[in-house]
Each structure stands twice: as C-alpha cells, then as structure tokens.
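Order of the sequence lines sets the chain letters (A, B, ...), proteins ahead of strands, with each chain counted from 1.
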Number of protein chains: 2
Amino acid sequence: MTLRQYELGGAELDVVKVLWDNGPATVRDVMTHLHNRGRRLAYTTVQTLLNRMEQKKFVSSNKSDLAYVYKAKVSRERVTKSRLDRLLNQMYDGAAGPLVLQLVKSEKLSQDEIEQLHKLVDELDSSGS
Amino acid sequence: MTLRQYELGGAELDVVKVLWDNGPATVRDVMTHLHNRGRRLAYTTVQTLLNRMEQKKFVSSNKSDLAYVYKAKVSRERVTKSRLDRLLNQMYDGAAGPLVLQLVKSEKLSQDEIEQLHKLVDELDSSGS
DNA sequence: GGTATCCTACTACAGTTGTCGGAGCATGGC
DNA sequence: GCCATGCTCCGACAACTGTAGTAGGATACC
C-alpha cells in the first residue's frame, strides 16, 4: 500500500486549524472551539485526532500540570502549500498558470483583489519583458 | 463516519485521467496506458478501481463483444472544480482572491501567462469599477 | 478437442481516517 | 476519607482506499 502517511485528513485539519487560530491548547480547549465552530466531536475523538497528528509530527504536546497542551508544529502556510501543490500536480500538471487564469475568470474576486492583482501583474509584466 | 462517498482517491484519479485523455477504454487499455505513464498496477487492480468508480457513478461501462468498455461520466473540469473548491474552503475560507495573489507572487508563471493575466485583469478592472 | 489466453466476478487484506467508549489515575471539595 | 470530575491510555469499529489473488467462463489457436 502507498504509505503516504504524513498528510492530514479533514477532521485532523479542522483540529489543527484551531491551534493555528488560537495557539496552544488542551484537548478540552480544542473541543470547545470546535463546538463553537459548529463541529461537535467527542472529547476522546479530539484527543485521538491530536494524538495521531502528534505521531505524524504535525503537532507537539507538553504536559502542563493540568493537562497536555498541544501546539501546532507545522505552519498553516506549509500545509496550505502542500495541498495546493498536490492539487496543482494532480489536476494542472503542476503548472500554476492555468489555475490562476481559471480562478480569475470563474471565481469571483472582490474589486479590491482585482486591483491588487492588477498592480502586481503590471509590475511582473514590465519587469519580465 | 462521514460517508463522503463520491470522491475520488489518488489511484482512482489516475485511472479516470486515462479515460479523459484517451476516451473510452477497456481494463487492459487503461492498464497499458498507466504502464506507459510509469504507473504499474495489476490488471485486477485497475479493474477494481474502475468498478468502484462505476459504483460511485464517475464512469459507466458498456459490454462490447470482447470486454467491458469504460467511459468517464464526469468531466475533468467538474472534478477539478470540486477539488479546487475543497481546497479553497479548507484553506482559504472559500475566497479565491488570496490564492490567486499567492500564486501570482510565489509560483513562476510564464511570460505568456502573465500577459494573458494582464489582459484579463485589465478587462475585469475596467468593467468592474 | 486440448491448451493458452483473456475477461469477469469475488474475495481479501492492510493502512488511513472518523468516531468513540471504557478503565483507571489524579485532584479538588465537602 | 469519599465522590465527582476531568484527564490519559487503549482498544475498537466501520468506511474508504490501494492493491492484488483466485476461480471459472469464453475464445482462439493448433
């Protein structure tokens, strides 16, 4: 079997997001935050998820007096890039260009974003040619 | 468990890509194409993958004289969009803007792509404001 | 007509992921 | 000291995924 190991599933992702957004936290903290976000998971489920991610080295834990405190070990950026690269490789032959074009065409960018993009592209285009 | 059902795994994706690229094909055809692409899978593995995708309605099959011929039922665009949307939702709060900016900044677009983008953005910007 | 070849149908199995439950230890109040 | 509460440890189970073997029918070739 393809031992991919070291990628995050959807539920695991939800959990590590809490750590990214709120910093180090205990199982209970995470659970509470998830509840607030509408994701209701049992305490032990959250615990399992955190343990598994610790094994995969995505988070680390420190025993405080009261309970283990978990901390994200990988940045959101890193995980984002990894997933983006996967998508790029799987669906776009690894080329970002077509994806960008498609996104600009089909997805709705805000006026503000379009302007930023405009500026950015102006620079790139003039510096590149 | 979250019965997501109806999404494709990586191996399944590789298989349906063959159908997208080469049109309807038998198990053996698909296997051969995969071999050519460096993906060596047993005949029955390819068969299993095709069967599973048929159950998930991603492909359909027709019995020809010799063997079943499988055909993609979903377009590459549809699958791409579904995966892209998932990424967008999971990592970008569903907003395409930040992803576009990030891609344009960090990934290397070809000069050609930058120009296309430039044109596109010119249009959008003037029409939008 | 026997033998090699190919196809389908089933079954299997391990690893990953989502989800928990229960046992048992620690702690803080009463 | 006893009990409620909370925490950790382990085990479990089902669905999904990757991968393939086997059995048995059909075909085709000599």
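- Within the 4.0 angstrom heavy-atom criterion, base atoms lie near B:Thr48.
- Computed from coordinates, the A:Arg28 CZ to D:dC7 P distance equals 4 Å when rounded to whole Å.
- Between the side chain of A:Gln47 and the base of D:dC7 there is no donor-acceptor pair of N/O atoms closer than 3.5 Å.
- In this structure, the side chains of A:Leu117 and B:Leu124 stay at 4.5 Å or more apart for every pair of heavy atoms.
- Under a 3.5 Å cut-off, the side chain of B:Gln116 and the backbone N or O of A:Leu101 do not form any donor-acceptor pair.
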**OP:** Would you sort out whether A:Arg37 and A:Asp21 count as a side-chain contact (heavy atoms from CB on, under 4.5 Å), showing the intermediate values?
**Re:** CA-CA 12 Å; A:Arg37 297 179 183 194; A:Asp21 291 347; 2.7 Å; yes
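- For the pair A:Val79/A:Trp20, a side-chain contact is recorded, criterion being any heavy-atom separation below 4.5 Å from C-beta on.
- Regarding B:Leu49, its CG atom lies at a distance of 15 Å from the P atom of D:dC16, rounded to whole Å.
- Put simply, CD on B:Gln55 is 12 Å from P on D:dT17, counting in whole angstrom units.
- Here the C1' atom of nucleotide D:dT19 and the CG atom of B:Leu34 are 13 Å apart, to the nearest Å.
- Considering only side-chain N and O atoms, B:Tyr43 lies nowhere under 4.0 angstrom from the phosphate OP1 or OP2 of D:dT19.
- One interatomic measurement links the two molecules: CZ of B:Arg40 to C1' of D:dA20, which rounds to 15 Å at whole-angstrom precision.
- Other residues, nucleotides and ligands contribute more than 12 heavy atoms inside 6.0 Å of the CG atom of B:Asn36.
- The stretch residues 9-20 of chain B touches DNA chain D through B:Gly9, B:Gly10, B:Ala11, B:Glu12, each having a heavy atom within less than 4.0 Å of the strand.
- Nucleic acid contact class of A:Arg52 (heavy atoms, under 4.0 Å, all strands): base.
- Between the side chain of A:Thr45 and the base of C:dG18, no donor-acceptor pair under 3.5 Å is found.
- In this structure, CG of A:Leu50 is placed 10 Å from P of D:dT8, rounded to the nearest angstrom.
- Rounded to whole angstrom, the span from the CZ atom of B:Phe58 across to the P atom of D:dC16 amounts to 13 Å.
- Under the 3.5 Å distance criterion, the side-chain polar atoms of A:Ser82 are left unmatched by any main-chain donor or acceptor of A:Arg78.
- A donor-acceptor pair under 3.5 Å links the side-chain atoms of A:Arg83 to the main chain of A:Leu8, judged by distance alone.
- Taking atom NZ of B:Lys56 as the reference point, atom P of D:dA15 lies 14 Å away to the nearest angstrom.
- Of the candidates B:Lys73, B:Glu54, B:Lys71, B:Ser61 forms a side chain to side chain donor-acceptor pair (under 3.5 Å) with just one, namely B:Glu54.
- For DNA chain D, the neighbouring residues in residues 60-80 of chain A, judged by any heavy atom under 4.0 Å, are A:Lys63, A:Leu66, A:Ala67, A:Tyr68.
- A:Gln102 has its side chain within reach of B:Leu84: a pair of non-hydrogen atoms, C-beta onward, lies under 4.5 Å apart.
- Put simply, B:Arg39 has a side-chain N or O that comes within less than 4.0 Å of OP1 or OP2 on D:dT19.
- At least one donor-acceptor pair closer than 3.5 Å links the side chain of B:Asp29 to the backbone N or O of B:Thr26.
- Toward the 5' end of DNA chain C, the nearer of the two residues A:Leu8 and A:Thr44, judged by each one's closest nucleotide, is A:Leu8.
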